[in-house]
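Written out below as C-alpha cells is the structure these notes cover.
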Amino acid sequence: MRYSQAFIPTLREVPSEAQIPSHQLMLRSGMIRQVAAGVYSFLPLGYRVVKKVIAILQEEMDRIGGQEFHLPALNPIEIWEATDRVAAMGDVLFRLENRRNLVLAPTHEEIITYHARQHIKSYKELPQIWYQIQTKFRNEPRPRSGVLRGRQFLMKDSYSLDATWEGLDQSYQKHYEAYHRIFSRAGLRFFVVGASSGAMGGSASQEFMVESPYGEDTCALCDHCGYAANLEVATSALSPVPRLDPSPPLELFPTPHAKTINDLIEQFGVPEERCAKSVVYIVNSQPVLILMRGNDELNEEKLAAALQTTQFRPAEPEEIEDIFGAAPGSIGPIDVPDSVRILADTLLRETNGLISGANKDGYHYKNIDLVRDVGIIEYFDLRTVREHEPCPQCQQPLRIVRAIEIGHIFKLGTKYSEALGATILLEDGSEQPIIMGSYGIGVERIIACYIEQNHDDKGIVWNPALAPYDLSLIGINVHKDSAVRDIAEKLYEQLQQANFSVLFDDRSASAGIKFNDADLLGFPLQLIVGPRTLKEQTVEIKIRRSGERLHVPLDAVISTVQEQYHKLSEAEI
RNA sequence: CGGGGCGUAGCGUAGUCCGGUUAGCGCGCCUGCUUUGGGAGCAGGAGGUCGCAGGUUCGAAUCCUGCCGCCCCGACCA
C-alpha cells in the first residue's frame, strides 16, 4: 500500500474523550473512529489487525477440532423466552419490535442449542465443538474505555456438546489449552483465574485476565504459589473467630452513640473480630439478615451463589425499621422475627462472645453465642478478600490487582439443553440432555490489551503477529530525489514479492512527519531510504521495539529484513 | 439509574463567572514560492446553525428553562 493513497487519518493530538493509552493510540493511529457511545467503526488499518486476530482464533479453534459457523445476530424472541433470559438480561438485550419481535443476540447459547436439538440425536454424534466469530450486541448501561466495553463488539464464541461429564471436562481442557495458545500468540501477558459462573448458569468457570489499572475486574493473586481467583470467588486462609470457653452470659448494654462497628471499637474498646456486623437484604421479597465479622465486606457475587438467585437487594432503612423495630445501626441476630432467614459468614461459624445490635435503638448485646442464643443460622463464605490476607493454598500474602477479562471458559452443563429440549439417546437407550460448555473471547479486547502492554510515548509497538503491516518503507524526499525514488520503488516491489505487507510512505511530506507517523503506527520494522545513506549504497533498518538501527548494503536488504523479521516473530513465542 | 464534568471549524482549545465590534488562537486543510534525516518558512486563502429547542433582552457562545449527546466515578456487566 502506498501511503499517499491510503486512508490512515492519524491525529497529532489526543482526542479529549480518550482516557486510556489504548483508546488514545487507536484513535491517533487511525485504527478506529467513534460513532456513538460504545459503538466504533474500524478503519482499514484497524480492521487489518482485527483480521489477524481472527486468523489466530480460527487456526487455534480449528486445531482443537472446532467447526466454524456463522449464526444470525437477529434472533426470534421466543427462543430467548424459552431459556428465561429475556428477563435475566433485562435492558442489556437489544429488542426490535417492528412487525415481529426480534432480539439482537448478545451471545449464542440459544441458537447453538436450537441447532443441536434439530440434528443431534445420539451420543455417537458427539463430541462437537462449534464456534463462530461474530458481532455481539449488548446494550451496556455504561460503555467505556474505547473498544474495551462496547455495545457492539466482536466475539469468538464456542460451544462444546458432549454426552458425558468426562467429555465436557475434555472439551473444557481443550479450550483451556487453545486459549493459552491464542493469547500467547497474540503477544499478551495474561493469567487465569477461577471465576463465578454468574447468571450464565453452570459449574466451573475460569477467566483469562490481563492485569491493568483500567480493568473492571478485581483478582486476588498469590505470587508465591500461583493461586489466582476473581474477587467474586477468592478466599483466604484467615482463621475463624475462636470460641471462648466458658461462654460468657448474654448481656444487654446501652450504646447510644454507636452506629457503626468502628464506633463500637472506639467507644468500648472491643476487638473488631468480636463484632458481628448485621446487614439486611431483601431476597425474593423476604428479609434476610446477614452477619459478617467486624468490618468484613459482604460480597454480592458470593451471596448470589449462596442463595442461588440474583433477585436480591440491600434493604432500605425504613424496611429495616419495620422488620426489626430498630435503625440499621442497632440491629442484630437476637430476637429477630421468625420470618427472617439468618445467614453468617463462615469466619463466624458457631462462635460466641460476639457483640451485635439488640434490635432496640441505642442498645447492643455482648457475649452473643451463635449456638446458644440464635436460631437457625446458615453459614456461607460471603466475605470479600482483602490485600495481604494469607493465600488459601500457601499462606503467603495475597496481592489484589485490577484486570481486564479477555476470555472466559464455562462448564455450562445442561441448563440450555434442558430448557430447549436438546436431548440424545445413550448406549443404554436412555434419553439425556446434551452436556454443554461455553467459551468466549473478546476480539477488540485482545487488540486494546495488546496496545496497553506494548506502546511507548511515540506510539504503538506491534509484533509481527498482530501488526497491520509488516513494515514501513520510508522514502525520504522520494518526490524530488530520483535516486531515492528508484531504489524505494524497487524495494517496494521486492519486499512484496518476498511476501511482506508494506506501507510505502511515498508522500511528499518532510522526513520528520514520516518518522513520527511510522513510530505512531508502530509496524515491527522501518526501512528508511534516504539520500544520506544512499551515498554509501546502504539503507537503514530500524527495529521499532528496540529502536536499534542497522545500515544494510542495497543487495542485502531483503535478506536482512527477512532475518530481522524472523527474529521478531520468534521472540513472541 | 445516582453523582461529577464537558459540548465553540477535522483535532486541541480561548472567550461563558460579569451579555455589547466581524467569535480568537495552535495544529490540520487549499494555492504559490522556498524547503526536506525527527512534526519546515514566507505569503495568500477556505472552513463556524458556538449541541438542539424555547425564553429573557435593544442585543445571547455568554443569562433562564427543557431536551440531546459525550466522558469519568458508582450501580450494572451473559
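Worth knowing before you read on, the calculation uses all heavy atoms, side chains too, and leaves out hydrogens, waters and symmetry mates. Proteins get letters first, then strands, A, B, ... in listed order; numbering begins at 1 in each.
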Rounding to the closest angstrom, what is the interatomic distance between [N] and [M] at atom [atom1]?
| N | M | atom1 | answer |
| --- | --- | --- | --- |
| B/C50 | B/U8 | P | 11 Å |
| B/G66 | B/G3 | P | 14 Å |
| B/U16 | B/C29 | P | 31 Å |
| B/G26 | B/G20 | C1' | 28 Å |
| B/G24 | B/G47 | P | 13 Å |
| B/G44 | B/C17 | C1' | 39 Å |
| B/G12 | B/G48 | C1' | 16 Å |
| B/G7 | B/U49 | C1' | 15 Å |

- request: Compute both the distance and the angle, then confirm whether A/Lys136 meets the cation-pi test with A/Phe153: under 6.0 Å from the six-membered ring centre, within 45 degrees of the axis.
  value: no
How is [X] classified with respect to the nucleic acid when contacts are heavy atoms under 4.0 Å: base, sugar-phosphate, or nothing?
| X | result |
| --- | --- |
| A/Asp91 | nothing |
| A/Gln19 | sugar-phosphate |
| A/Asp481 | nothing |
| A/Arg151 | nothing |
| A/Glu300 | sugar-phosphate |
| A/Ala36 | sugar-phosphate |

Could you list all N or O pairs between the protein and nucleotides 5-12 of chain B that sit under 3.5 Å apart?
{"residue": "B/C11", "atom": "O2", "partner": "A/Glu13", "partner atom": "OE1", "Å": "3.3"}
{"residue": "B/G12", "atom": "OP1", "partner": "A/Ser16", "partner atom": "N", "Å": "2.7"}
{"residue": "B/G12", "atom": "OP1", "partner": "A/Ser16", "partner atom": "OG", "Å": "3.2"}
{"residue": "B/G12", "atom": "O2'", "partner": "A/Glu13", "partner atom": "OE2", "Å": "3.4"}

Gap between atoms [atom1] and [atom2], on [X] and [N] respectively (whole Å):
| X | N | atom1 | atom2 | answer |
| --- | --- | --- | --- | --- |
| A/Lys514 | B/U35 | NZ | P | 18 Å |
| A/Asn516 | B/G28 | CG | C1' | 15 Å |
| A/Arg144 | B/C70 | CZ | C1' | 15 Å |
| A/His23 | B/C72 | NE2 | P | 8 Å |
| A/His479 | B/U36 | NE2 | P | 10 Å |
| A/Ile20 | B/C73 | CD1 | P | 10 Å |
| A/Asn477 | B/G38 | CG | P | 11 Å |
| A/Leu520 | B/G39 | CG | C1' | 11 Å |

- prompt: Is a side-chain donor or acceptor of A/Asp162 paired with a backbone partner of A/Trp165 at a separation under 3.5 angstrom?
  reply: no
- prompt: So, the side chain of A/Arg445 versus the backbone of A/Glu405: is there a donor-acceptor pair under 3.5 Å, distance only?
  reply: yes
What nucleotide among [options] has an atom nearest to a side-chain atom of [X]?
| X | options | value |
| --- | --- | --- |
| A/Lys458 | B/C73, B/A40, B/G38 | B/G38 |
| A/Arg149 | B/C77, B/C70, B/U36 | B/C77 |
| A/Ser145 | B/C72, B/U35, B/C70 | B/C72 |
| A/Arg28 | B/G39, B/C70, B/C77 | B/G39 |

Does the separation of the ring centres of [X] and [Y] fall below 6.0 angstrom?
| X | Y | result |
| --- | --- | --- |
| A/Trp130 | A/Phe69 | yes |
| A/Tyr469 | A/Trp462 | no |
| A/Phe208 | A/Phe183 | yes |

message: Counting Watson-Crick and G-U wobble pairs with both distances under 3.5 Å, what is the dot-bracket string for RNA chain B, 5' to 3', using [ ] for crossing pairs and | for pairs to another strand?
response: (((((((..((((......[...)))).((((((.....)))))).....(((((..]....))))))))))))....
Results of salt bridge (Lys or Arg N to Asp or Glu O under 4.0 Å) for [X] - residues two or more places apart only:
| X | answer |
| --- | --- |
| A/Glu78 | A/Arg100 |
| A/Arg142 | none |
| A/Arg485 | none |
| A/Asp84 | none |

- prompt: Taking atom types as they are modelled, is there a donor-acceptor pair under 3.5 Å from the base of B/G39 to the side chain of A/Arg12?
  reply: yes
- request: Could you go through the salt bridge (Lys or Arg N to Asp or Glu O under 4.0 Å) check for A/Glu110 and A/Arg85 one step at a time?
  value: CA-CA 10 Å; A/Glu110 277 77 0; A/Arg85 286 220 285 184; 2.7 Å; yes
query: Toward the 5' end of RNA chain B, which comes first, A/Ala511 or A/Pro106, by nearest nucleotide?
result: A/Ala511
- request: Let me know, please, whether A/Pro143 or A/Ile513 comes out on the 5' side of the other along RNA chain B by nearest nucleotide.
  value: A/Ile513
query: Roughly how far, to the nearest 0.5 Å, is the CG atom of A/Asn262 from the OG1 atom of A/Thr260?
result: 5.0 Å
Presence of A/Gln34 side-chain N/O under 4.0 Å of B/C71 phosphate oxygens OP1/OP2: yes
